[in-house]
Amino acid sequence: MSKTTEQVRKSLAKRYRAERRFKAFGVGAIGFGLLALVLLFTDIIGKGHSAFFETYVKMEVTFDQDTLDISDVRDEEQLNFANYDGVIRNALREEFPSASGRQEKRELYSLISTGAGYELRDLLKDDPSLMGKSITLWLLADDDVDVYVKSAQDDRLESRLSDNQKSWIESLEAQDRVELQWNQSLFTHGDSREPELAGIWGAVTGSFFTMLVTLILSFPIGVAAAIYLEEFAPKNKFTDFIEVNINNLAAVPSIIFGLLGLAVIIGLFGLPRSVPVVGGIVLTLMTLPTIIISSRAAIKAVPPSIREAAMGLGASKMQVVLHHVLPLALPGMLTGAIIGMAQALGETAPLLMIGMVAFIVDVPGGPLDPSTVLPVQIYLWADSPEQSFVALTSAAIMVLLSFLIAMNTLAVFLRKRLERRW
Amino acid sequence: MQTGNLLLLLVVMIAGAYYMGHRRSFALARPLGGIRHLHSLPFYYAMRTAIWCAIPALVVLGVWLAFDDTLIRNMVMGSLPAASQPVDGSAANLMLNQISNVASGALSPASVSPEIAAAAEKLNSLRQLNTMAITVVVIVVAMLGTAWGWVKISPQMRARQQVEKVLQTLFMLSATIAILTTVGILMSVLFESIRFFGKVPATDFLFGLHWSPQTALRADQVASEGAFGAIPLFVGTLLISAIALLVAVPVGLMSAIYLAEYAPARVRAFAKPALEVLAGVPTVVYGFFAALTVAPVIRQIGESIGLDVASESALAAGLVMGVMIIPFVSSLADDVITAVPQALRDASLGLGATRSETIKKVIFPAALPGIMGGILLAASRAIGETMIVVMAAGLAANLTANPLDAVTTVTVQIVTLLTGDQEFDSAKTLAAFALGLMLFITTLLLNVIALHIVKKYREQYD
Amino acid sequence: DTRDYISIVGSSTVYPFATTVAERFGRSSSNPTPKIESTGSGGGMKLFCAGVGTQHPDVTNASRRMKKSEFAQCQENGVKDITEVVIGYDGIVFANSSKGKHMDVTLRDLFLALAKEVPDPKGGEKLVANPYKTWKEVNPALPNTKIEVLGPPPTSGTRDAFNELAIEGGCKTFPWLKAIKGEDKSKYKAICRSIREDGAYVEAGENDNLIVQKLEKNPNAFGVFGFSFLDQNRGKVQGAKVGGVAPTFDSIASGDYPVSRSLYFYVKKAHVGVVPGIEGYVKEFTSEKAWGGEGYLAEKGMIPLADDLRGDMQKQARGLVSMTDAELH
Amino acid sequence: MDTAEKFDDKAPGNMKLADQIEGEQAMDETIRYPDQTVGTPYVDNPKMRMRDVEVFYGEKQAIHGVSLDIGKNEVVALIGPSGCGKSTFLRCLNRMNDTIDICQVKGNLHLEDQDLYDPKLDVVELRARVGMVFQKPNPFPKSIYDNVAYGPRIHGLANKKYDLDEIVETSLQKAGLWNEVKDRLHSPGTGLSGGQQQRLCIARTIAVSPEVVLMDEPCSALDPIATAKIEELIAELSESYTIAIVTHSMQQAARVSNRTAYFHLGRLVEMNDTDTVFTKPEHDLTEAYITGRFG
Amino acid sequence: MDTAEKFDDKAPGNMKLADQIEGEQAMDETIRYPDQTVGTPYVDNPKMRMRDVEVFYGEKQAIHGVSLDIGKNEVVALIGPSGCGKSTFLRCLNRMNDTIDICQVKGNLHLEDQDLYDPKLDVVELRARVGMVFQKPNPFPKSIYDNVAYGPRIHGLANKKYDLDEIVETSLQKAGLWNEVKDRLHSPGTGLSGGQQQRLCIARTIAVSPEVVLMDEPCSALDPIATAKIEELIAELSESYTIAIVTHSMQQAARVSNRTAYFHLGRLVEMNDTDTVFTKPEHDLTEAYITGRFG
Ligand SMILES: Nc1ncnc2c1ncn2[C@@H]1O[C@H](COP(=O)(O)OP(=O)(O)OP(=O)(O)O)[C@@H](O)[C@H]1O
Ligand SMILES: Nc1ncnc2c1ncn2[C@@H]1O[C@H](COP(=O)(O)OP(=O)(O)OP(=O)(O)O)[C@@H](O)[C@H]1O
Ligand SMILES: [Mg+2]
Ligand SMILES: [Mg+2]
Ligand SMILES: O=P([O-])([O-])[O-]
């Protein structure tokens with residue numbers, strides 16, 4: 001046995017311990033990251049799952065022409081502004097005739113959501129022959145009722161509902177007239193102050209348009225800038241300075257980008273506040289450093305021999321870049337895009353400055369309509385007093401994360417296809 | 001035609017121009033004996049034609065759209081009788097909005113004066129005319145551009161150079177955007193900072209040990225002298241970022257190494273994107289998590305060993321922030337580690353190095369620039385984060401290095417100062433800008449140092 | 001570019017009420033639902049006073065009155081005619097977890113527990129840095145728990161109001177401190193409105209929900225936040241009595257509860273008739289079914305004005321009466 | 001040594017013959033492969049013993065049932081046409097093939113009593129014992145000094161800086177590179193010329209003094225003088241170590257090796273004493289190859 | 001061809017001599033460098049004309065005032081000890097040195113009438129006219145087919161897929177690789193053996209049929225048969241193209257080249273007809289090198 005072998009044998013146990021330790025660190029690190037993810041997810045899902053269903057109460061309502069105050073069922077205007085709440089109140093009073101006095105009546109009326117009236121309106125619009133008839137319907141309950149119905153028996157003590165209200169609900173529950181149904185409005189409506197009516201569709205579309213603008217601008221610009229700086233720009237003190245500056249941009253607090261957007265895009269170019277285009281541009285500025293930095297790292301990692309090979313064949317610099325460097329660097333560039341876009345998707349602070357922290361009910365139809373975005377919606381809901389918003393907030397977070405995962409899946413799939421070792 | 005439709009049409013025309021350029025270059029090449037006798041590939045002739053179609057048309061469209069509104073407005077305003085002319089610019093703006101709203105039906109014509117109603121009709125007709133004109137002009141320009149590009153094609157033309165020049169110019173413009181952003185940011189903080197330093201001596205700001213947010217917000221609120229010592233903020237930033245990086249760098253780096261060097265492909269395919277999700281969780285969520293889940297745990301542990309832990313602590317915020325920035329390190333590092341050529345691994349393994357030795361001594365140094373980039377990004381993100389800090393570490397500017405104390409960061413103060421109840425000119429609002437400037441300069445220095453380190457230790461492979 | 005929807009900015013405190021009104025208004029009229037940005041009172045004023053024209057908002061909400069300087073700024077930028085509307089009150093409560101002890105504090109206790117400098121406990125007209133660590137030290141009737149109060153940061157309107165109404169209110173109970181007001185107003189304010197910075201008062205950000213949830217985790221801590229959050233989280237948190245009065249709907253409305261403030265919105269008159277629906281919005285807001293004693297805003301936790309005040313205010317609002325410099329102080 | 005002079009390297013007697021041997025494949029069909037390798041592939045008491053080695057790259061089989069021994073202190077040359085599997089076989093001997101995902105090795109391989117593909121085997125120790133010089137020079141992107149010092153450092157072969165300096169110097173000297181680089185030991189190894197890089201890689205491998213040295217065309221980028229230096233090194237090493245060398249220079253094989261193995265399309269056709277292989281090859285493929293023609 | 005047989009490549013008459021020539025540096029001090037290159041470095045009407053070329057890597061000078069011509073349809077061999085600057089010089093001829101940041105080239109270099117270092121020169125066109133095979137095989141991480149097709153594609157040498165297929169096939173055939181890879185044209189070029197990669201790179205370069213082909217040790221990883229194939233290719237190419245080849249095999253130089261240039265420590269010591277260089281070298285350094293000893 002040679003001297004080396006002896007020496008190696010001696011040191012081997014120690015080196016293997018180091019190896020195992022190292023690998024264990026790796027597993028531990030991944031485990032830690034994934035554990036954090038799982039914790040976050042369980043926390044969110046635990047809080048948010050209940051928001052996907054909401055409480056309905058079965059009632060018999062009568063479309064009474066007098067109460068509704070409609071003289072002509074074909075008149076849109078009259079149908080729109082008729083007193084549907086009155087119809088519901090009648091139904092409630094009939095159901096619980098014991099309620100007397102203003103206070104008790106108020107309590108009674110507040111069992112049903114203000115949104116229920118709009119349902120009646122839609123029914124009547126669809127079928128004017130309902131006028132004067134009585135039908136049995138599932139009516140959307142108020143959010144407090146919803147919280148009460150969903151909470152466990154001993155938590156019900158903490159409820160905001162009055163004793164009267166509790167007894168009414170319990171009597172309805174005993175008759176099987178209270179039911180949890182799929183929360184459709186969550187996925188079809190814009191924001192609302194009534195938790196049972198609030199939806200995230202407005203924010204989802206807003207986020208979609210904003211992210212679209214961000215992606216369309218930031219990825220090509222970021223990659224192009226990285227290519228220019230890495231491949232075409234002369235290498236000197238000035239480009240070093242630019243490199244440092246771009247790295248530095250990444251550390252600029254995001255709200256400052258909002259300030260910049262406010263001053264330049266809204267102030268100078270006169271674009272309106274609160275619109276996805278402006279949000280997208282601001283987030284682009286914020287995301288660019290991330291994409292540029294990771295793209296440059298990826299370009300740097302392409303071995304020079306590949307470039308030489310192509311150049312030796314008479315490929316122009318541009319061809320070398322587009323045919324060889326770019327395909328090899330794309331996975332890294334996509335990584336930059338993935339985390340940059342992820343960050344942009346979850347960002348609120350800069351949007352504060354450009355008016356996207358707003359209450360917007362109407363679902364935006366395009367990138368120039370006022371809109372809000374998912375993280376802002378989350379931020380706003382998280383700050384709302386009503387208890388139902390706690391679950392809604394978590395539900396919105398779940399939607400945002402699904403959005404994120406959907407967005408990433410495509411990029412990750414692309415990246416996976418492009419990756420190779422050489 | 002609507003601008004959107006016009007753009008769509010333009011795209012079709014560009015595709016057509018490309019096709020025509022392609023056809024023509026082949027047609028020119030045939031008698032010469034194949035495309036090898038052209039100066040450039042047909043692709044470049046085609047691209048050149050497409051560029052000639054696109055750029056003039058887009059420029060015309062852009063310029064037109066930039067000015068047509070003003071023009072139409074002026075014409076509508078001009079049509080109003082002298083008596084109802086608006087007095088100034090903002091009145092004109094309002095009147096126009098009124099006219100437009102009437103024109104679009106949002107306001108009923110009955111609710112406004114007859115002049116306005118007439119103007120609204122004029123506006124509608126002018127708008128129609130405008131859209132027609134723009135459509136015609138843009139299409140004509142695109143066609144002329146295409147024709148010019150097409151006619152000019154010749155076997156000697158240096159089409160590749162021209163197309164590449166255009167591309168390179170685009171690349172350069174892209175890089176310029178990053179530079180302009182820097183300039184813009186400097187501009188947007190510089191002037192206000194100068195005004196701030198007019199009110200508060202720079203030395204107080206730079207070396208002051210006391211940051212008291214209770215200065216006069218309003219003239220009538222509190223009259224005590226404001227304390228604008230930024231040191232506690234910078235120390236707080238350092239503390240929280242350091243904690244975050246202490247979590248993110250080892251975890252991220254080790255994750256990256258494990259994913260790139262040890263993990264089976266399936267694990268990697270799942271774990272890498274899974275970790276990337278961490279970067280996209282909204283910071284509000286992390287904030288709640290830090291404040292309501294992590295902080296109480298830290299507090300309990302602290303109390304069980306007899307430590308006095310503030311309910312808001314740098315530790316909770318830093319830990320959670322660390323989790324958030326893990327993917328910045330892990331994903332970027334994973335990419336560059338994967339890019340290290342196999343030959344280097346072979347060389348090391350062939351000498352009897354263990355995997356970890358290979359990673360530590362060969363792969364890591366070779367991948368250093370990319371890894372450093374990831375770490376810098378992570379650090380930047382940590383410095384720029386606010387929500388988590390506000391929710392879990394509070395807003396109190398304590399000068400402390402104890403991670404169990406409440407601290408605040410520069411960025412948090414910037415955000416609170418900018419979004420809180422503000423007065424236009426108070427030193428307090430301006431302080432946000434001064435803080436921004438200081439932060440900019442500090443991180444700039446850090447980056448210079450980082451660049452230096454990378455240059456020094458970089459090991460260029462191949 | 002034409003704007004056919006109302007643009008509203010301003011206070012985050014008024015935001016939940018304004019949005020409720022806006023939503024109803026949007027549903028029950030042919031106008032689009034107004035867009036409401038939550039920018040904070042100061043931010044709202046800044047945007048509102050930047051000028052007239054569609055790029056500027058039509059209405060701003062505020063959880064405090066417009067300042068003279070802000071009014072001047074408005075005038076300077078051509079925002080001449082502004083209608084001021086007081087819409088109701090917001091109570092600021094001092095609360096803790098329902099699991100904790102119920103408290104009954106006086107303004108003086110609050111001042112002693114939270115001010116930066118307090119009269120020397122050993123007596124004499126001397127100020128010392130706040131030495132109190134537990135509530136019992138402040139007032140033997142109070143429980144022996146550490147003073148730990150989570151509240152909004154100085155940039156928040158709620159904090160202003162709390163300082164002004166609670167801390168200063170307690171401060172004034174010391175005659176010799178009150179006397180300073182006559183001599184040196186700014187010194188008085190510095191003493192009576194400064195909050196301690198040694199960790200007993202924790203600046204917990206502007207998210208009141210977070211404060212509520214933190215209180216649940218930490219039964220010894222108290223929190224300072226708006227009444228609606230107490231209202232909505234009954235069962236989880238309890239409001240301390242201040243000066244013997246519990247924070248309830250009625251006690252705030254009647255003015256018995258000492259820590260409450262008025263809420264406002266301001267309308268830019270130049271935009272009325274230009275941006276469709278402004279009058280309609282004001283009408284909806286000032287209708288009885290909205291801000292009345294049993295209106296839907298009360299449901300949301302806004303405390304209505306007294307009936308007669310409401311009547312006056314309604315007239316002023318619907319008539320779009322301009323405010324003047326002289327009204328402000 | 002005397003056989004060496006017989007061969008005119010890379011100059012097949014009749015160059016035009018290359019035309020006729022265009023298709024090896026075509027020829028393969030007509031020539032019968034021996035079921036067993038001809039000659040004497042086995043020795044007594046070998047340092048390394050390989051039996052029925054088969055290597056696959058994915059579906060494609062690169063080595064077909066090769067069996068041979070490498071004796072103690074022996075220099076074995078592996079020769080054969082490009083692409084015949086020499087490198088692949090060599091890489092099996094210290095399990096460098098492990099690093100290629102799609103590569104699968106079957107068969108029995110032993111280093112003394114140690115089964116190389118025993119799952120319990122310690123590859124690190126194996127590779128420290130069986131060192132390798134790769135076909136493509138692959139210096140680390142580190143200084144010349146660090147390149148050579150890398151092995152000794154990880155194995156802890158030098159206790160002091162002084163010892164390490166000495167190892168580096170003697171290794172570089174043995175590889176004939178010392179004079180060229182002694183003034184620039186701390187400039188990067190990647191900034192060397194092709195031949196210098198190759199010698200650097202040799203120096204790096206011998207710096208850890210492994211028991212067996214595998215060299216894959218170690219002189220391919222070297223001029224005659226540097227080649228002579230390396231061959232001298234091989235001779236010197238063979239006094240105490242075992243060496244397997246892949247070479248396309250038959251002269252070199254003749255000069256340095258004790259036994260020579262001739263590979264053809266993944267098969268070991270013949271293995272014999274070097275003299276025998278080059279003077280009276282047993283197999284007609286071998287003969288065709290060493291005389292510069294096929295058949 | 002006849003001179004070729006005189007040389008026994010890489011086998012210096014007396015191997016022990018290598019010991020004595022350990023330090024080239026040491027020797028350099030005693031030997032006077034010629035102020036001018038001896039022999040006939042210039043020809044009439046050359047394809048490429050180089051004058052006073054100096055190359056620096058940072059501070060370090062790698063080429064000292066080299067002047068030579070390469071005639072039309074001529075094969076010029078560059079020989080010399082490892083590290084003497086052959087690759088460096090070759091890389092100047094199509095400006096590949098541009099890619100090395102620290103590398104600086106001075107002097108006068110012309111391709112026909114074109115100044116190579118004219119700032120207005122289109123390097124892309126230059127490199128299309130002057131192709132290069134690198135010392136270390138560097139296939140693209142693409143399929144074998146795409147590796148070869150890349151050049152023709154970017155230069156538009158094929159109008160149709162069919163033409164391209166043909167170019168790929170003939171190029172691979174000329175490089176003697178076709179038979180080995182024809183079944184796996186679409187598997188990656190990086191999965192080839194060392195010698196196969198080298199031939200792939202040759203095929204890739206000749207696929208664009210450049211006017212001048214620069215080859216940096218193109219046969220270093222090849223067996224004699226493949227080498228013969230490449231040499232034959234060189235002979236064939238030289239009928240219409242100009243070739244500069246770096247080789248460490250003097251036999252190869254003797255076989256394929258018309259003129260030979262001997263480099264020593266960055267200087268061009270002698271350039272002459274190949275026969276002259278190998279039979280009666282004018283300079284003693286040249287003689288020392290080709291006889292396998294120094295002085
Ligand atoms: N990138 C580089 N940086 C610094 N020095 C270099 C670089 N490339 C080559 N050199 C040095 O320049 C000199 C000439 O190198 P060159 O590659 O031209 O040699 P060569 O004649 O091709 O040798 P070989 O036959 O070994 O390939 C050598 O001393 C080498 O170390
Ligand atoms: N990584 C790989 N993937 C797929 N096939 C491979 C790989 N490496 C080598 N091969 C194939 O295996 C066969 C043997 O290759 P090997 O490298 O062992 O040849 P070699 O004898 O060393 O040739 P050379 O003298 O050219 O280096 C060749 O056909 C080659 O194409
Ligand atoms: Mg090989
Ligand atoms: Mg070389
Ligand atoms: O948003 P504020 O109500 O605190 O100004």
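Remember, predicted model here, so these are calculated numbers, not experimental data. The sequence lines fix the lettering, A, B, ..., with proteins before strands; numbering per chain opens at 1.
Taking 4.5 Å as the limit, every side-chain heavy atom of F17(C) sits out of range of all side-chain heavy atoms of R193(A). Counting heavy atoms from C-beta outward, L380(A) and Y15(C) have side chains that approach closer than 4.5 Å. Side chains of P385(A) and N233(C) form no contact here, defined as non-hydrogen atoms less than 4.5 Å apart. A heavy-atom distance below 4.5 Å is found between the side chains of R24(C) and E194(A). For the pair R273(A)/K35(C), a side-chain contact is recorded, criterion being any heavy-atom separation below 4.5 Å from C-beta on. Contact check for R27(C) versus T114(A): no side-chain heavy atoms found under the 4.5 Å cut-off. Between D231(C) and R160(A), the closest side-chain pair of non-hydrogen atoms falls below 4.5 Å.
Considering CG of D383(A) and CZ of F229(C), their distance stands at 5.0 Å, rounded to 0.5 Å.
Proximity to chain C (any heavy atom under 4.5 Å) is restricted, for Y118(A), to the side chain, taken from C-beta onward. Of the atoms belonging to D362(A), it is side-chain heavy atoms, and not backbone ones, that fall under 4.5 Å from chain C. Within the 4.5 angstrom heavy-atom criterion, only side-chain atoms of I360(A), from C-beta onward, approach chain C. Contacts of L197(A) with chain C are made by side-chain atoms alone, with heavy-atom separations under 4.5 Å and no backbone atom involved. For P57(C), no part lies near chain A; criterion is any non-hydrogen pair under 4.5 Å. If you measure heavy-atom distances from Y296(C) to chain A, you find no contacts under 4.5 Å at all. The parts of S192(A) that come within reach of chain C are both its backbone and its side chain, each placing non-hydrogen atoms under 4.5 angstrom from that chain.
In summary, E294(C) and K105(A) do not engage in a salt bridge, as defined by a charged side-chain N under 4.0 Å from a carboxylate O.
K166(A) NZ: more than 12 foreign heavy atoms inside a 6.0 Å radius. Surrounding NZ of K125(A) are more than 12 heavy atoms belonging to other residues, nucleotides or ligands, all under 6.0 Å away. Within 6.0 Å of atom OH in Y379(A), 12 or fewer heavy atoms from other residues, nucleotides or ligands are found, so the atom counts as exposed in its surroundings.
Considering every non-hydrogen atom in both T33(C) and V361(A), the closest pair reads CG2-CG2, 3.6 Å. When all heavy atoms are compared, the tightest approach of E386(A) to K300(C) is OE2-NZ, 2.9 Å.
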Checklist entry - Which is it for F359(A) and E23(C) under the side chain to side chain contact (heavy atoms under 4.5 Å, CB included) test, yes or no, and what are the steps along the way? => result CA-CA 9 Å; F359(A) 177 75; E23(C) 189 177 348; 3.8 Å; yes

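Your options are S228(C), G26(C), S98(C), G235(C), and the one with the most heavy-atom pairs under 4.5 Å with chain A is G235(C). Looking only at heavy-atom pairs under 4.5 Å with chain A, the residue among I8(C), L210(C), T20(C) that has the most is T20(C).
Under a 3.5 Å cut-off, the side chain of N209(C) and the backbone N or O of S384(A) do form a donor-acceptor pair.
Side-chain contact, S110(A) with E299(C): no donor N or O sits under 3.5 Å from an acceptor N or O.
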